[in-house]
Amino acid sequence: MIEIKNLHANVNGKEILKGINLKVNAGEVHAIMGPNGSGKSTLAQVLSGHPAYQVTQGEVLFEGQDLLDMEPEERAHAGVFLAFQYPVEIPGVSNSYFLKAGLNEIRKSRGQEELDSFQFLKLLKEKMKVVEMDQSFINRPVNEGFSGGEKKRNEILQMAVLEPKLAILDETDSGLDIDALKIVSSGVNKLKSPSNATIVVTHYQRLLNYIVPDFVHVLVHGRIVKSGGKELALELEANGYDFIREEMLQSA
Amino acid sequence: MSVEMNHYTNEFQTFQQNGAAKSPDWVNDVRTAALSVFTGKGFPTTKQEDWKYTNVTPIARAPFRYSASAPAVPAELVTSLLIGDTEQHLIVFVNGHFSAEHSRLQSLPAGLTVKNLIAAYGSHADLIKAHLSKYAPYDKNPFTALNTAFINDGAFIHAAKGTKSSLPVHLLFISTAAGDAPAASHIRNLIIAEEGAEVRIAHSFASAQDNTNLTNVVTEVSAGRESIVELVKVQRESEKAFHVEHLHVHQEPRSTSRVFSLAVGGAIARNEMSVIIGGETTECNLNGLYITSGEQLIDHHTFMHHIHPECPSHELFKGILMDKSRAVFNGKVYVEPEAQKTDSKQTNRNLLLSDEAVVDTKPELEIFADDVKCTHGAAVGGMNETHSFYLKTRGISEGSARGILTVGFAAEVTQKIDDPVLRRFVDTIVVDHLRRKFGTGNLPEIVHA
Ligand SMILES: Nc1ncnc2c1ncn2[C@@H]1O[C@H](COP(=O)(O)OP(=O)(O)OP(=O)(O)O)[C@@H](O)[C@H]1O
Ligand SMILES: [Mg+2]
């Protein structure tokens, strides 16, 4: 589905990603863990096309297409979705207008017919059930005044509506209470299929009990320094990142 | 005397022979005094600091005529300008003349008077004498002098002690072509809220056709002790029109004023808004939104005068500029030595949607008390990149994101309007206007948190 080769990226002239290699196939769940400031969100933003980051080296193929050559909205049309670590508030604009605009542009780009308000509302209400979100959120301005957890849940609602091929969830678990964590995870699991893939960025093994990864990668200082199965997350939980740093020192 | 001043001296004579007789003698004395101030000063020029960025030569040059009566305007036009489908106490003026035909003042609650000034001389003579021309000095601003020289009619609102009006009062001023010469309307409004009264007012201006008229307004508001006055101005005149208003709000102790200015019309539009915070723990909220396009120039000059201690004042003005349009924002805050513990915040944010649009923004803080909190900030820029990126990651194109975020930018200030009916009124006008300017029906309705 996506193949990242030797990806280097800068922000404000400072190199943050220093050669990322990662391959994700359809049907897989990959977890990315790593210390604060190691570049996890940067990787997510670069994959979505944030203009503040400059790719200086490497390539990213998404279903065989050059992802880095596409505008952010074209990536969304192609099926890339990013659940933000810090979702943005858009005052004045209702959640439903925002989502309908996005969904219809995605449908249009695929030659599908646009949904009218009635059809869209029906779909939205179904998806709100999946993430157990109250219908009062339909007409509230996007994320404005939402609690931290409500914002995260709203990100997963958007994912449910837009049905991406590749979903990148950047610390969607942070800020969620225990019940919400279960609801959101089960939502993510319900949306999982053999034809789509998920990258979850998280600090906590707890999430991975619910969204079980096929692979776990550790990102340190802009590089993936270790990859493994789901047991790697347990190891990190028990020992922190120090053992990896030590391994790195030894191999250096 | 210049040609321009000769014109106005002649106009004044015509005016005296016509409508002027309808007012008491003392009003005529004020007019005569104001005329001599006006002819002495003439129109302002860009050499004056207050008018540096706003050149009113096109107003000075045009031979505007006072008309003794108002041409008819169609009922459908009036209907299209109302506040949605809600009931409202409506008073309509056409070229400054009261229109009984279009006004709807049947169901006023006890204690609330809404009538035209000429009629009010009969019922509220002493009150008018006590307030009229007491807040708006005509020796400073030539347009105020010109307005005062031509005081004739306008809206008169009186809310007696403790009166609370549940419905909004709508002052609707329509300008229309009158004969060949461009028409001038010098509108004079007086709004008096007595102790503990609460009133919400839509103060709206529109044109019947796309033509060059001059609407020159002076509005004086007296907010009595513990009263609440919300005044929402909506100026959507023709883009060929000239519009000038000097609004004065005088606040008594513990009163609250909420003033909002939406300005989308006019070739040149100038709003001066002065608030005299004349009593302890008095609150003032002054907010506004201007949207300019083509070659429009919209200018706001605000003045917050803190005289007494412990008064908060909040001010947020936002601007959306397109094409080759221009906007001016000048926010003066004056804190007297006695006004300790003043808490004043002023912000001006501008969204430039074109490289050729220009905004001149200037805060002007004069603070003579030492224990105060006064902040100000001004920003001029393009689309917010973080917001725009968020929308695009959801598949929304650059063009749609621009529209959506422009609506959002506007919504952030319209949400300051307290009354939901008036807020809805403004929101609808803003979105309709942006839809026209963006050439798409595809913009969201505004919702508030
Ligand atoms: N716009 C920016 N300007 C300057 N530095 C930036 C910018 N964006 C990111 N960085 C820096 O890049 C580094 C990586 O940040 P990133 O947000 O990718 O970390 P992260 O791994 O997601 O961390 P966390 O676990 O705390 O979310 C940090 O040192 C951060 O300060
Ligand atoms: Mg991060």
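In what follows, chains carry the letters A, B, and so on, assigned in the order in which the sequence lines appear, proteins first and then strands, with residues in each chain numbered from 1. Atom set for the values below is all heavy atoms of this structure, side chains included, hydrogens, waters and symmetry mates excluded.
Neither the backbone nor the side chain of A:Asn95 comes within contact range of chain B, judged by heavy atoms closer than 4.5 Å. Within the 4.5 angstrom heavy-atom criterion, atoms from both the backbone and the side chain of A:Glu144 approach chain B. For A:Val80, the part sitting under 4.5 Å from any heavy atom of chain B is the backbone (N, CA, C, O) and nothing else. Both the backbone and the side chain of B:Asn442 come within less than 4.5 Å of a heavy atom in chain A. With a 4.5 Å cut-off on non-hydrogen atoms, B:Gln415 touches chain A through its side chain but not through its backbone. When heavy atoms are compared at a cutoff of 4.5 Å, A:Phe98 approaches chain B by way of both its backbone and its side chain. Residue contact with chain B, scored on non-hydrogen atoms closer than 4.5 Å, involves the backbone and the side chain of A:Gln45 alike. With a threshold of 4.5 angstrom between heavy atoms, A:Arg140 approaches chain B through N, CA, C or O but not through any side-chain atom.
Judged by distance alone, the side chain of B:Asp432 and the main-chain N or O of B:Ile429 form no donor-acceptor pair under 3.5 Å.
Donor-acceptor pairing under 3.5 Å is lacking for the side chains of B:Gln346 and B:His314. B:Ser400 and A:Glu105 are linked by a side-chain donor-acceptor pair at a separation below 3.5 angstrom, with hydrogens and angles left out of the test. In this model, a donor atom of one side chain and an acceptor atom of the other lie less than 3.5 Å apart for B:Asn348 and B:Asn350. A side-chain donor from one of B:His170 and B:Gln88 sits under 3.5 Å from a side-chain acceptor of the other. In the model, B:Ser325 has no side-chain atom that pairs as donor or acceptor with a side-chain atom of B:Gln296 under 3.5 Å.
Here A:Ser48 is the residue among A:Gly145, A:Pro164, A:Ser48 with the most heavy-atom pairs under 4.5 Å with chain B. Counting heavy-atom pairs closer than 4.5 Å to chain A, the top-ranked of the candidates B:Ser397, B:Gly408, B:Pro444, B:Ala411 is B:Pro444. Heavy-atom pairs under 4.5 Å with chain A were tallied for B:Leu405, B:Leu391, B:Thr386; the largest tally goes to B:Leu391. Contact count against chain B (heavy-atom pairs under 4.5 Å) is highest for A:Pro72 among A:Pro72, A:Ala78, A:Ala52. Comparing A:Val93, A:Ile106, A:Leu99 by how many heavy-atom pairs each has under 4.5 Å with chain B, the most go to A:Val93. Among A:Gln158, A:Lys108, A:Met159, the residue making the largest number of heavy-atom pairs under 4.5 Å with chain B is A:Gln158.
Of the candidates B:Lys362, B:Arg270, B:Arg326, B:Asp299 forms a salt bridge (Lys or Arg N to Asp or Glu O under 4.0 Å) with just one, namely B:Arg270.
The shortest heavy-atom contact between A:Ala197 and A:Val24 is CB-CG1, 3.7 Å.
If you look at B:Tyr390 and B:His387, their ring centroids are not closer than 6.0 Å.
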